[in-house]
Undergrad: 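This structure is in structure tokens; I'll ask about it shortly.
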Amino acid sequence: MDKFIAIIFSVSFGYAVLRVTTPLIFAAMGALISDKAGVINIGLEGIMLISALTGVVVSAYTQSAFLGLLMAVIAGSLTGMAMAYFALNLKTDIILSGIAINLFGGGGTIFALYLVAHDKGISSSLKSLVLPKIDIPIIDQIPVLSEIISGQNILTYIALLSVVFVYILVYKTPLGLQIRAVGENEDAADSVGVSVRKIKYIALILSGAFAGFGGAYMSMAYVSWFSKNMTVGRGFIALAAEAMGGSTPFGTLVACFVFGSAEALSNSLQSLRVPTEFVQMIPYVVTVLGLVLYSSRKTSQIRKKIGSRR
Amino acid sequence: MKNNRINFEWIRTSVVIIIALVFTLIIILLVSNEPANALREFLIGPVDSMRHIGNVIELMIPLIFTGLAVSMMFSAEQFNLAAEGAFFAGAIAAAAIALSLDLPIIIHPVIAILGGGIIGALITGIPAFLKVKWNASELVSSLMFNYLAFFMGIYVINYYYRDANAGAMVSEKLDISALLIRLIPRTRIHMGLIIALIFIAAAYYFMFRTKWGYALRVTGQNSKFAEYSGINTLRVFLYAQLIGGFIAGVGGATELLGMYTRFSWQALPGYGWDGIIVAILARNNPLFVPLAALFLAYLRIGADIMARMSDVQNEVVALIQGIIIVLVVAERFLAKYRHKWVYKEAKTSISEAEEE
């Protein structure tokens, strides 16, 4: 037990939490943007995989980490756009489109990986690059804080900034207003001249771009290679985080940190003599509990509201 | 009229499959140095020997189970995606029962399969319960339950039934009395095929010939309408998912006892996701499930043989699957032709009526 507490309150644990939460933040912001426009993007998992591989391959061939990141984000956006095309033009059920993207991403990335790296599991034969870590001035002078916050990957800071970006986009810009209008009542939005289809397209493309950042982080920062199914459910956990965060950017950020901490905990507990299977379960259990807590609170609120009206 | 619509769905599905295959053909031409060979193995490989035909039928069995399971849940418009976890957990439960109970033949596999089904129902049932009770999205929680079922299962095998002498993480050898008999010599086609056929008939009867099945379909088509007509939709949601999980769990147990002598899966096998494709192709109708399962199994085995005999990898199937899901479900795909078709039908029936 002492060891357990020592792990949680160590500086390296704080650093690890930020490190594992980063991809969740990106994916959850992707989930949030599309959800605000009334489309559930369950394809985040597949998009992240596609982007992760794109980042590795492009950075290996161009020897530019920046180009790798750029192409990963573009690949994510294009996949989001493809989903939008299926869902909005062809009228495929949005959830099934997402599942299709996930199956496509899961198998397609292995297929593509074999073509470029002649291996079905891992991309280690490619000399891909990683994105740089950054020391933040001033903060890197403060003892404990510097070891947690400073020296993280550049994408970690971008992830944190992206929360602010999403907040401003959704609540402070005309586009955000349109996105929310479409999500809340698309007929009403349509009646005042908002192009529902265009807005949903934009939302899914943005959603894909965020998942693209998350995917790039996985293969170009979290680790320095692509391996098959390396996202292991992060796209799904992001959906849960978004639901638990009440579809608000900062609430979602907090939820991401809850899940991130659970994951970091499961990573560091593997050194203790707890069955690893249970430890690996922690993030998923926390996700289910969090979702239930959030939903039950929300239903009881709704019931109260109805009750007070009577 | 209704018949024509069904006919049209057949045509549409066939067109989608042809498009997917043409797309695959192009990919094979692009990546392969021996495209003719690859293509031949892919298309004809599954039927070129008794063993390969056997492989297709063997693979069809789990796909039928998960296809039925998903059809049941999707018919009630419940996007429960835990069929994958339920299938896995069903196999784990069957392994545990096969290893720890000492029962005579016939009774042993029956108990093991029932145990698998019950555990499977638990895996899809908990997300269903959370949805019904607290309105927690069954979509998200069922996804989490896939991972929970996986780690829990691996734990059970690792700590209770692991064969210490084996190099890899596998269970001890299953009790022979629990295994399902093989039906056809020189293949691994097992008793599970019969069980699968029984489940197809039962699922069809349930969905189209019973009150509960009717309530399930009405709820899936329009839950508000169902509620107004006095159907307890929450109860429907619950039993649709319990039955779905049960079928998936039975599938996992059957697969393990029919095909293996030890539990040896190191990852989720993916049959639950395949079940979604099968259910989509079968339009959630149990009678079409075996056909859809046969098609997918053929595709898979063809791709496996191609991967072994040529330089094209079997993951090419993932591309086909993606296209099939998206286009089969797409309402607008070929909608113009459907419109024309309906128009023509209406016109001829009017002119016929006028002639009379």
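Bear in mind that the values here come from a model prediction, so they are computed numbers and not experimental data. Excluded from the calculations below are hydrogen atoms, water molecules and symmetry mates; all remaining heavy atoms, backbone and side chain alike, are included. Every chain is numbered from 1 and lettered A, B, ... according to where its sequence line falls, protein lines coming before strand lines.
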Undergrad: Answer with side chain, backbone, both or neither: which region of B/I27 has an atom nearer than 4.5 Å to a non-hydrogen atom of chain A?
TA: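 Looking at B/I27, just its side chain touches chain A.
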
Undergrad: Please state whether the side chain, the backbone, both or neither of A/K120 comes within less than 4.5 Å of a heavy atom of chain B.
TA: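 Just the side chain, heavy atoms under 4.5 Å.
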
Undergrad: Using a distance-only test with no angle check, is there a side-chain donor-acceptor pair under 3.5 angstrom linking A/N89 and A/Y201?
TA: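 Judged by distance alone, the side chains do pair up.
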
Undergrad: Tell me yes or no: between the side chains of B/E34 and B/S310, is some donor less than 3.5 Å from an acceptor?
TA: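 No, because no side-chain N or O of B/E34 sits under 3.5 Å from a partner of the opposite role on B/S310.
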
Undergrad: What part of B/L130 is in contact with chain A, defined as an atom under 4.5 angstrom from a non-hydrogen atom: side chain, backbone, both or neither?
TA: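 Contact with chain A is through the side chain of B/L130 alone.
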
Undergrad: Please determine, among A/L239, A/L293, A/I110, the option with the most heavy-atom pairs under 4.5 Å with chain B.
TA: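 The candidate making the most pairs under 4.5 Å is A/I110.
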
Undergrad: Checking A/I95 against chain B: side chain, backbone, both or neither under 4.5 Å from a heavy atom?
TA: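 Only the side chain of A/I95 comes within 4.5 Å of chain B.
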
Undergrad: Between chain A and each of B/I325, B/V326, B/V140, count heavy-atom pairs under 4.5 Å; write down the option with the most.
TA: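 Highest number of heavy-atom pairs under 4.5 Å: B/V326.
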
Undergrad: Closest approach of B/A89 and B/A149, non-hydrogen atoms and distance?
TA: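 Heavy atoms of B/A89 and B/A149 come nearest at CB-CB, 4.4 Å.
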
Undergrad: Centroid separation under 6.0 Å, is that true for the rings of B/F88 and B/F263?
TA: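 Yes, ring centres under 6.0 Å apart.
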
Undergrad: Select one option (side chain, backbone, both, neither) describing which atoms of B/Y155 are under 4.5 Å from chain A's heavy atoms.
TA: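 Both backbone and side chain.
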
Undergrad: Considering only heavy atoms, which portion of B/L143 lies under 4.5 Å from any heavy atom of chain A: side chain, backbone, both, or neither?
TA: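 Side chain of B/L143 only, per the 4.5 Å heavy-atom cut-off to chain A.
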
Undergrad: Does some side-chain heavy atom of B/M144 sit less than 4.5 Å from a side-chain heavy atom of A/V285?
TA: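 No, side chains not in contact.
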
Undergrad: Shorter than 4.5 Å, heavy atoms on both sides: which option in A/T287, A/L96, A/N229 has the most such pairs with chain B?
TA: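 Most heavy-atom pairs within the cutoff with chain B belong to A/L96.
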
Undergrad: Among side-chain atoms of A/S207 and A/N41, is any donor-acceptor pair under 3.5 angstrom?
TA: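 Result is yes, a qualifying pair exists.
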
Undergrad: Decide yes or no on side chain to side chain contact (heavy atoms under 4.5 Å, CB included) for B/E138 and B/M73, but give the supporting numbers first.
TA: CA-CA 11 Å; B/E138 84 282 4; B/M73 300 191 281; over 6 Å; no

Undergrad: B/N135 versus A/K298: any side-chain heavy-atom pair under 4.5 Å?
TA: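 Answer no - side chains too far apart.
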
Undergrad: Classify the angle between the aromatic ring planes of B/W273 and A/F236 as parallel (below 30°), tilted (30 to 60°) or perpendicular (above 60°).
TA: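 Parallel, since the angle between the ring planes stays under 30°.
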
Undergrad: Would you say the side-chain atoms of A/E45 and A/T231 include a donor-acceptor pair closer than 3.5 Å?
TA: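 On atom types as modelled, these side chains qualify, holding a pair under 3.5 Å.
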
Undergrad: Taking side chain as everything from C-beta outward and backbone as N, CA, C, O, which of these in B/I320 sits under 4.5 Å from a heavy atom of chain A? Side chain, backbone, both or neither.
TA: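 B/I320 has no heavy atom closer than 4.5 Å to chain A.
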
Undergrad: Flag the one option from A/D93, A/T109, A/I40 with the top tally of heavy-atom pairs under 4.5 Å to chain B.
TA: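 Answer, by heavy-atom pair count under 4.5 Å with chain B: A/D93.
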
Undergrad: Quick one: what part of B/I276 sits under 4.5 Å from any heavy atom of chain A, side chain, backbone, both or neither?
TA: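 For B/I276, the contact with chain A is made by the side chain alone.
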
Undergrad: Going by the side-chain contact (heavy atoms from CB on, under 4.5 Å) test, name the single residue among A/V57, A/I50, A/V56 that passes it with A/T54.
TA: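 The option that passes is A/I50.
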
Undergrad: For B/S32 and B/D311, which I'm curious about, is there any donor-acceptor pair between the side chains at under 3.5 Å?
TA: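 Yes, a side-chain donor-acceptor pair sits under 3.5 Å.
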
Undergrad: Decide whether B/T13 and B/R283 meet the rule of one side-chain donor and one side-chain acceptor closer than 3.5 Å.
TA: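 Side-chain D/A pair, B/T13 to B/R283: present.
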
Undergrad: Under 4.5 Å heavy-atom distance to chain B, tell me which part of A/I42 shows up: side chain, backbone, both or neither.
TA: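 Interface part for A/I42: side chain.
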
Undergrad: With only heavy atoms counted, which part of B/N146 is less than 4.5 Å from chain A, the side chain, the backbone, both or neither?
TA: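 For B/N146, neither part sits under 4.5 Å from chain A.
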
Undergrad: For A/L115, is it the side chain, the backbone, both, or neither that has a heavy atom closer than 4.5 Å to a heavy atom of chain B?
TA: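 Just its side chain gets close to chain B.
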
Undergrad: With a 4.0 Å cut-off, would you call A/R234 and A/E263 a salt bridge?
TA: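 Yes.
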
Undergrad: Please look at B/I126 and chain A and tell me whether the side chain, the backbone, both or neither of the residue comes under 4.5 angstrom of a heavy atom of that chain.
TA: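 B/I126 has no heavy atom closer than 4.5 Å to chain A.
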
Undergrad: Between B/Y159 and chain A, which part of the residue has a heavy atom less than 4.5 Å away: side chain, backbone, both or neither?
TA: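 Side chain of B/Y159 only, per the 4.5 Å heavy-atom cut-off to chain A.
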
Undergrad: Would you say the ring centroid of B/F74 lies under 6.0 angstrom from that of B/F79?
TA: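 They qualify: ring centres under 6.0 Å apart.
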
Undergrad: Which bit of A/Y294 comes within less than 4.5 Å of chain B, counting heavy atoms only: side chain, backbone, both or neither?
TA: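 No part of A/Y294 comes within 4.5 Å of chain B.
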
Undergrad: Below 4.5 Å, heavy atoms only, C-beta onward: do A/L49 and A/K228 meet side chain to side chain?
TA: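 With C-beta onward as the side chain, the pair stays apart.
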
Undergrad: So which residues of residues 240-249 of chain A are in contact with chain B at a heavy-atom cut-off of under 4.5 Å?
TA: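 Heavy-atom contacts from residues 240-249 of chain A to chain B are A/A240.
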
Undergrad: Select, from A/N102, A/I237, A/L291, the one with the greatest count of heavy-atom pairs under 4.5 Å involving chain B.
TA: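 Looking at each option in turn, the highest pair count goes to A/L291.
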
Undergrad: Taking side chain as everything from C-beta outward and backbone as N, CA, C, O, which of these in B/I280 sits under 4.5 Å from a heavy atom of chain A? Side chain, backbone, both or neither.
TA: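 Answer is side chain: those atoms of B/I280 sit under 4.5 Å from chain A.
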
